[in-house]
Every structure is written in C-alpha cells, then in structure tokens.
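All values derive from a computational prediction rather than experimental measurement. Numbering of ligands and ligand atoms starts at 1, following listing order. Residues: numbered from 1 along the sequence shown.
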Amino acid sequence: MAAQQPTAAPRPPVHGPVHVPVHVAVIMDGNGRWAAARHLPRVAGHREGARAVRRTIEAAIDQGVAWLTLYAFSSENWRRPAGEVLDLTGLLRHYLKSEIAELRANGVRLRIIGDRARFPADIQAELATAESSTAANTRLNLNVALSYGARDEIAQAARALAIEARAGRLDPEAIDAAAVAARLSTAGMPDPDLLIRTSGEQRLSNFLLWQAAYAELVFQDVLWPDYGATHFAAALAEFARRERRFGARPG
Ligand code: FPP
C-alpha cells in the first residue's frame with residue numbers, strides 16, 4: 001500500500017456523502033416536443049421517454065443516489081386527449097411487464113405515489129405486484145408518481161387530520177409539520193434534496209410541493225427523451241456546488 005501523502009489542506013471529498021443528494025426528484029418534460037421536432041406522433045416521444053427512465057435509474061444507482069422519484073403522470077394529465085391518455089396507460093402497462101424483472105435484478109424497490117385507483121384494474125394489479133415483488137430491495141428506492149397532484153395530496157392529509165381530531169384521537173393543537181408529513185404519500189421517506197426539471201421549463205407543476213420545500217432546483221435544457229447519465233451527472237455536479245442552509249444563516 002502506498003504511503004499516505006501529506007496534504008496542504010483538507011478538502012471535502014468530491015463524491016462524499018455530503019455532496020451526493022440522498023433523494024432526487026425529476027419532472028420528466030419534453031416528450032411531446034421531442035416527437036414534434038421529428039414529425040412523429042407524441043406517443044413516440046413517450047416511448048423514447050421510457051428509455052430515458054431506464055437510463056436515469058441506472059445513472060442514479062451508479063451515482064449512489066438512494067431515492068429517486070419520477071413524475072410520470074400528473075392528476076392533470078387525465079385532461080389530455082383520450083388517445084394520448086390511452087397511449088400513456090398502454091406504455092405504463094407495457095413498462096410494468098417488461099421492466100419489473102430488471103428492477104428486481106438491480107435491487108430497485110418500486111413504490112407508487114398518487115391516485116392509482118383512477119387506473120384500469122389490470123394496471124392496479126400490476127402495480128401492486130410490482131411493489132410487493134420488489135419490497136425487499138434496498139439499492140435504490142424508486143417512487144413513480146402516477147395520477148399525482150401535490151395539492152390533492154396535502155388536502156387528503158388535512159382531511160385525515162381533521163377526521164382523527166373529530167374522532168378525538170388527535171389534539172388539534174398538536175398538529176405540526178411532522179403530523180402533516182406523516183399523512184402524505186411520502187410518509188417515512190426523506191424529502192428530495194434535488195429536484196430536476198427537463199425541457200427548459202421552470203415550474204413545479206403541482207409536484208411534491210410540501211416535500212420540496214428546501215430542495216435545490218435544477219432546470220436542464222434537454223428534452224426528456226434525450227436524457228441520460230451525462231445530464232444526471234451534470235445535475236448532481238450543480239447540486240454539489242450549491243450551498244444549502246435550510247433557512248439558517250451561514251455559520
Ligand atoms: C412530459 O412530456 C411527459 C409526460 C407527461 C409523461 C412522462 C412519461 C414517460 C417519461 C414515459 C413513461 C414512463 C414510465 C414510468 C412508463 P410532455 O408530453 O408534457 O412534453 P411536451 O411538454 O413537450 O408536450
């Protein structure tokens with residue numbers, strides 16, 4: 001073993017635990033524009049977007065990210081033309097069948113957040129199987145947000161608190177941020193440290209509004225179907241350059 005060289009000054013490790021975000025959330029945007037630029041139907045963009053999902057999961061594992069949350073279908077997406085909704089649900093059905101073995105082999109634990117009851121029964125069954133068959137995995141926690149909307153999620157938590165208070169099981173005076181967080185679909189999970197949105201748009205679009213209170217936001221000018229390991233690494237590098245203070249003054 002080589003002798004340890006004395007160093008001029010201690011430097012934080014580039015890929016040390018301080019710099020790699022524990023939880024990365026991604027708003028995958030730009031599938032439609034990717035397809036339009038190629039004179040292809042929108043579904044072609046979504047199909048290519050599913051390949052980018054695969055690349056991003058691999059990149060997250062390679063980079064040592066422990067939690068990855070992907071916004072695949074918002075509660076507002078149901079308002080898209082019926083044909084596109086059908087294409088997206090069809091793609092989800094196909095993805096679940098074709099990728100679960102791969103996720104299992106890669107140590108990925110899949111969880112769904114959002115209102116899954118709005119999906120057809122066969123997809124709900126596939127989702128339940130996918131979750132239970134990956135439940136013991138620990139390498140990467142993958143959340144896929146489906147029919148998800150943060151305002152609905154927060155309203156639901158408020159409703160749950162109110163019902164518990166009315167039943168006398170909860171003192172309204174005792175309701176704090178932790179009590180709300182414990183009733184969100186992400187209860188028990190770490191908040192995202194880094195939130196990425198692709199395609200150049202700079203909006204949160206009703207995604208993780210509570211959980212992303214202190215997330216670093218990184219907007220990348222790349223359409224989702226083109227996304228891959230290099231873009232993910234660039235977002236993590238940008239995160240590592242940011243100084244996070246959580247509202248406190250620098251010490
Ligand atoms: C945003 O692009 C993307 C979506 C609404 C769907 C995201 C779906 C995928 C990435 C593929 C399927 C994923 C899984 C997990 C099976 P957009 O259509 O809003 O693009 P635009 O803003 O350019 O029109």
Side-chain angles (χ1 to χ4, degrees), residues 24-61 67-104 106 108-116 118-120 122-131 134 140-150 185 195-208 219-229 231-232 235:
V24 179
V26 187
I27 301 177
M28 310 181 288
D29 196 11
N31 293 353
R33 278 163 283 169
W34 185 93
R38 287 160 182 77
H39 307 288
L40 294 169
R42 291 178 64 84
V43 66
H46 296 317
R47 220 174 277 136
E48 206 54 39
R51 293 195 185 99
V53 167
R54 209 169 299 149
R55 292 193 292 271
T56 304
I57 292 169
E58 283 165 15
I61 292 172
W67 291 81
L68 179 69
T69 299
L70 303 175
Y71 204 4
F73 197 94
S74 75
S75 41
E76 289 75 29
N77 283 158
W78 292 111
R79 292 204 291 264
R80 290 195 177 193
E84 186 174 353
V85 169
L86 211 58
D87 285 340
L88 280 165
T89 48
L91 200 58
L92 177 63
R93 189 178 278 116
H94 175 77
Y95 186 90
L96 283 168
K97 285 197 199 330
S98 66
E99 298 298 314
I100 290 313
E102 186 80 6
L103 294 180
R104 236 187 346 242
N106 284 327
V108 178
R109 176 173 188 176
L110 176 74
R111 273 178 279 219
I112 305 301
I113 59 170
D115 183 9
R116 68 178 76 195
R118 291 187 71 177
F119 286 95
D122 70 303
I123 291 189
Q124 289 185 49
E126 289 282 354
L127 293 173
T129 305
E131 286 180 318
T134 61
L140 175 72
N141 288 285
L142 172 67
N143 296 329
V144 176
L146 290 172
S147 190
Y148 174 86
S185 60
L195 191 150
I196 298 168
R197 183 171 187 146
T198 62
S199 90
E201 304 292 340
Q202 303 194 356
R203 285 187 297 280
L204 290 181
S205 297
N206 205 15
F207 187 45
L208 301 179
F219 301 104
Q220 294 183 286
D221 209 0
V222 50
L223 300 175
W224 178 252
D226 290 327
Y227 205 79
H231 304 100
F232 193 75

Task: Member of His46, Arg93, Arg42 meeting the side-chain contact (heavy atoms from CB on, under 4.5 Å) criterion with Leu88 - done: His46
Task: Non-hydrogen side-chain atoms of Phe207 and Thr69 separated by less than 4.5 Å - done: yes
TODO: Starting from the C-alpha separation in whole Å, work towards a yes-or-no answer on side chain to side chain contact (heavy atoms under 4.5 Å, CB included) for Phe73 and Val144.
DONE: CA-CA 9 Å; Phe73 197 94; Val144 176; over 6 Å; no
May I have a table of the N/O to N/O pairs between ligand 1 and the protein that fall below 3.5 Å, each row giving the two atom names and the distance to 0.1 Å?
from: ligand 1; atom 1: 2 (O); to: Gly30; atom 2: N; distance (Å): 3.4
from: ligand 1; atom 1: 2 (O); to: Asn31; atom 2: N; distance (Å): 3.3
from: ligand 1; atom 1: 18 (O); to: Arg42; atom 2: NH2; distance (Å): 2.8
from: ligand 1; atom 1: 18 (O); to: Arg80; atom 2: NH1; distance (Å): 2.9
from: ligand 1; atom 1: 19 (O); to: Asp29; atom 2: OD1; distance (Å): 3.4
from: ligand 1; atom 1: 19 (O); to: Arg80; atom 2: NH2; distance (Å): 2.8
from: ligand 1; atom 1: 20 (O); to: Gly30; atom 2: N; distance (Å): 3.4
from: ligand 1; atom 1: 20 (O); to: Asn31; atom 2: N; distance (Å): 3.2
from: ligand 1; atom 1: 20 (O); to: Gly32; atom 2: N; distance (Å): 2.9
from: ligand 1; atom 1: 22 (O); to: Asp29; atom 2: OD1; distance (Å): 3.0
from: ligand 1; atom 1: 22 (O); to: Arg33; atom 2: NH2; distance (Å): 3.0
from: ligand 1; atom 1: 23 (O); to: Gly32; atom 2: N; distance (Å): 3.3
from: ligand 1; atom 1: 23 (O); to: Arg33; atom 2: N; distance (Å): 2.7
from: ligand 1; atom 1: 23 (O); to: Arg33; atom 2: NE; distance (Å): 2.8
from: ligand 1; atom 1: 24 (O); to: Arg42; atom 2: NH1; distance (Å): 3.3
from: ligand 1; atom 1: 24 (O); to: Arg42; atom 2: NH2; distance (Å): 3.1

Task: Pairwise side-chain contact, Met28 with Tyr227, heavy-atom cut-off 4.5 Å (strictly under) - done: no
Task: Heavy-atom pair with the smallest gap, counting every atom of Leu208 and Ala150 - done: N-CB, 3.8 Å
Task: Any Leu146 side-chain heavy atom under 4.5 Å of Ile123 side chain - done: no
